[in-house]
A.B. asks: 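Okay, here's the structure, questions in a sec.
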Protein chains: 2
Amino acid sequence: MSSQETPRRPTIADVAREAGVATSTASVVFSGKANVAAATRERVLAAAADLGYAGPDPRAASLRRGRSGIVAVVLEGHLRAAFLDPVTTAMMDGLTDGLADLSAGILLMRDEPGEEGAAITHAPVDAFVLIGCSGRTKASLEVVVGRGLPVVVIEGDAGGEIPRITLDNVAASADVARHVHDLGHRDVALVTLPLDSERERAAVTPERIANATVDVTVHRLEGMRQVFPDAPAISASGSLIDEGVLVGRMLLTDPATRPTAVLAQSDLLAVGVIRAAEELGLRVPEDLSVAGFDGIEVDGLGGLTLTTSVQPAVEKGRAAGEQVARMLGGEPGMTQHLTCVFRAGTTTGPVPR
Amino acid sequence: MSSQETPRRPTIADVAREAGVATSTASVVFSGKANVAAATRERVLAAAADLGYAGPDPRAASLRRGRSGIVAVVLEGHLRAAFLDPVTTAMMDGLTDGLADLSAGILLMRDEPGEEGAAITHAPVDAFVLIGCSGRTKASLEVVVGRGLPVVVIEGDAGGEIPRITLDNVAASADVARHVHDLGHRDVALVTLPLDSERERAAVTPERIANATVDVTVHRLEGMRQVFPDAPAISASGSLIDEGVLVGRMLLTDPATRPTAVLAQSDLLAVGVIRAAEELGLRVPEDLSVAGFDGIEVDGLGGLTLTTSVQPAVEKGRAAGEQVARMLGGEPGMTQHLTCVFRAGTTTGPVPR
DNA sequence: TTGTAGGCGTTATCAG
DNA sequence: CTGATAACGCCTACAA
């Protein structure tokens with residue numbers, strides 16, 4: 001209380017003056033980039049404590065260094081929806097790992113349409129990780145590339161030289177389908193993820209596929225159709241158990257058109273379908289076989305193990321983080337292809353007669 | 001390709017020169033903070049497009065404005081664990097809403113111990129939202145306060161003048177307990193959230209309570225003990241279904257010590273306890289009553305509705321966001337107390353004879 | 001080991 | 001409505 005209320009926060013120059021050293025010396029004390037005599041260091045630290053100086057202003061440091069230490073993760077849709085999906089959370093986990101000590105943290109943002117004040121254009125970040133790649137995300141991509149910042153796209157065709165992290169969705173889906181085919185099923189229905197930002201829950205037509213913007217959906221569908229070219233498909237409006245229930249009812253209610261197996265493009269959807277089946281009194285796998293995709297831990301299957309393809313979700317995030325780190329280090333980013341592993345569970349079985 | 005490869009990105013000064021205007025004019029064109037003649041604006045925009053100028057550098061703008069537009073959210077523990085909890089995700093959702101147009105996004109970070117290079121000290125953010133407030137988080141709090149940035153603490157005693165968002169955990173827990181008491185139960189066991197960063201799964205002793213650092217846990221326990229002063233309690237190591245199963249087994253396996261009702265401090269724990277009960281052949285609520293806390297949507301209860309206290313999770317986040325917005329606007333932040341609503345479900349019933 | 005000087009790219013202010 | 005100028009707070013050659 002010896003002095004008047006200070007009009008503004010102290011700067012490193014104030015600290016230096018107080019300590020009787022040059023500002024550069026004080027700066028070095030905080031950054032640790034060079035050796036400083038212990039006594040000098042003490043004096044600077046004492047002066048800082050005295051003035052209530054909490055360290056260099058990160059904003060100024062960012063400008064000077066040209067780095068903010070923040071990596072942006074752009075998600076499609078509401079944050080909550082994104083985090084409802086276990087695959088996404090696992091990926092985020094891997095991402096933080098891959099970014100390790102490089103980054104101060106992860107800036108979560110939604111990819112809004114071409115808004116004027118869009119966060120994507122104004123956030124002080126060093127790099128971007130885009131997840132998924134629908135039409136809307138593609139617009140975001142342009143902005144980001146325009147800013148000249150490193151970008152990595154997870155599961156989406158970014159076009160050009162943009163490094164991507166991809167999955168063998170076509171082959172892995174075909175694997176699952178083949179397993180079901182081998183069990184004798186011929187009357188199979190498909191449940192897909194959303195085809196585009198409309199996220200309409202509806203029968204999948206050739207026209208809709210042609211206009212689809214979500215690559216994951218298209219690729220997994222392609223894999224399934226390699227084995228079951230004519231299987232009818234319904235697109236869900238998201239990867240949620242509840243959605244699976246709704247679509248499941250659409251597929252299973254009418255005994256006349258009921259398939260003997262359902263292939264879902266995500267485990268959550270598969271669980272929903274199973275739940276719908278149970279509601280209708282169908283037993284899984286005796287009356288109906290159901291397979292999913294993702295290989296997440298799912299609750300509420302009561303002893304059943306889902307037949308699915310296990311994707312390396314954490315690895316996906318980590319790979320993205322590593323590429324970002326590389327690019328920030330000046331090296332070129334590389335596209336990485338990851339593969340899924342088929343897992344036979346107890347939700348698929350022989351065709352009922 | 002008319003020019004050589006540019007050595008550095010163009011700046012607003014380059015654009016201004018190219019357009020034949022002053023840098024300040026060009027700046028205004030991009031910020032929109034003042035009127036500019038349409039013709040001039042066009043010229044500037046054209047020059048920008050020409051040079052491949054993607055807009056003002058956010059880092060420089062941050063320094064100049066003294067704002068980065070980023071709000072940090074500090075979570076305890078691994079991000080994945082945090083997002084596994086539906087209450088947290090709901091809260092984050094509300095938070096983004098409350099921050100609305102004010103913020104470019106949410107910077108996720110963990111509260112690491114007093115590391116030198118801690119993100120908390122170096123991230124260019126405008127404000128902090130701390131979630132929970134264990135011992136570790138309290139350390140973070142000091143750093144943040146030292147930086148002189150606005151802080152809001154959700155569910156935790158920050159001490160001092162720090163604005164908080166709180167829940168009536170004591171009263172709400174007592175409500176749940178009273179409901180169970182009214183049903184006739186006297187032999188009740190409690191399952192608590194973690195007491196501290198150790199997150200030990202173990203019987204709760206007076207000593208452990210005295211040393212507890214997680215206020216939520218202590219408060220909810222206090223409410224429960226108001227009704228059942230002598231009820232034994234076990235602390236879980238987290239709010240997870242699996243944890244509930246483990247603790248449930250500890251409580252229910254031995255018929256001699258088996259309670260007639262279990263009060264859990266979270267819905268996920270309650271679901272786990274129910275699952276453990278089912279494993280042991282106990283019917284809920286005929287043989288065992290189970291109540292939770294939170295009021296989240298939970299899957300896998302097979303037709304049962306959990307008796308619980310519904311907390312305003314989204315509202316909590318929104319309130320925090322609003323307070324941050326207020327404080328950034330120069331007004332003082334206010335502490336807000338939110339209340340839960342009891343919801344009787346079908347997982348509690350009369351005492352079995 | 002310490003000090004000096006210049007600039008990172010913007011934007012607020014104020015005069016024209 | 002436009003233009004000149006001065007910070008914002010820090011970092012890092014470079015020189016001493």
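So you know, we letter chains A, B, ... as the sequences are listed, proteins then strands, and number each from 1. These numbers come from the heavy atoms of this one structure, side chains and all, not from hydrogens, waters or symmetry mates. All figures in this text were calculated on a predicted structure; none of them were measured in a lab.
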A.B. asks: Can you measure from CG (Asp57(B)) to CZ (Arg64(B)) and round to the nearest 0.5 angstrom?
C.D. replies: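 Asp57(B) atom CG to Arg64(B) atom CZ measures 15.0 Å (nearest 0.5 Å).
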A.B. asks: dG9(D) C1' sits how many Å from His122(B) NE2, rounded?
C.D. replies: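 Going from NE2 in His122(B) over to C1' in dG9(D) covers 15 Å.
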A.B. asks: Do Arg43(B) side-chain atoms and Ala19(B) backbone N/O form a donor-acceptor pair below 3.5 Å?
C.D. replies: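 Pair found, side chain donor or acceptor close to backbone of Ala19(B).
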A.B. asks: Want to settle it: does Pro58(A) or Ala34(B) sit nearer the 5' end of DNA chain D, counting the closest nucleotide to each?
C.D. replies: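 With Pro58(A) and Ala34(B) compared, the 5'-side residue is Ala34(B).
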A.B. asks: For every nucleotide of nucleotides 9-16 of chain C, 5' to 3': is a protein heavy atom under 4.0 Å from its base (B), only from its sugar-phosphate (S), or from neither (-)?
C.D. replies: BBBB----
A.B. asks: Using whole Å, report how far CZ of Arg59(A) lies from P of dC11(D).
C.D. replies: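 Computing the Arg59(A):CZ to dC11(D):P distance gives 14 Å.
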A.B. asks: Report yes or no: do Ser68(A) and Asp126(A) form a side-chain donor-acceptor pair below 3.5 Å?
C.D. replies: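 There is such a pair (donor and acceptor under 3.5 Å, judged by atom type) between the side chains of Ser68(A) and Asp126(A).
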A.B. asks: Report yes if at least one side-chain N or O of Thr40(B) is closer than 4.0 Å to OP1 or OP2 of dC1(D); otherwise report no.
C.D. replies: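 Answer no for this pair, as no side-chain N or O of Thr40(B) is under 4.0 Å from OP1 or OP2.
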A.B. asks: Would you mind listing every side chain to side chain donor-acceptor pair (under 3.5 Å) that reaches into residues 323-338 of chain A, with sequence neighbours excluded?
C.D. replies: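 Checked against side chain to side chain donor-acceptor pair (under 3.5 Å) - neighbours excluded - the pairs reaching residues 323-338 of chain A are Thr166(A)-His337(A).
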A.B. asks: Would you say Arg147(A)'s side chain and Ile120(A)'s backbone share a donor-acceptor pair under 3.5 angstrom?
C.D. replies: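 Checking the backbone N and O of Ile120(A) against the side chain of Arg147(A), a donor-acceptor pair under 3.5 Å is found.
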A.B. asks: Looking at Lys316(B) and Glu155(B), is there a salt bridge between them, counting it only when a charged N and a carboxylate O are closer than 4.0 Å?
C.D. replies: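 Between Lys316(B) and Glu155(B) there is a salt bridge, with a charged N closer than 4.0 Å to a carboxylate O.
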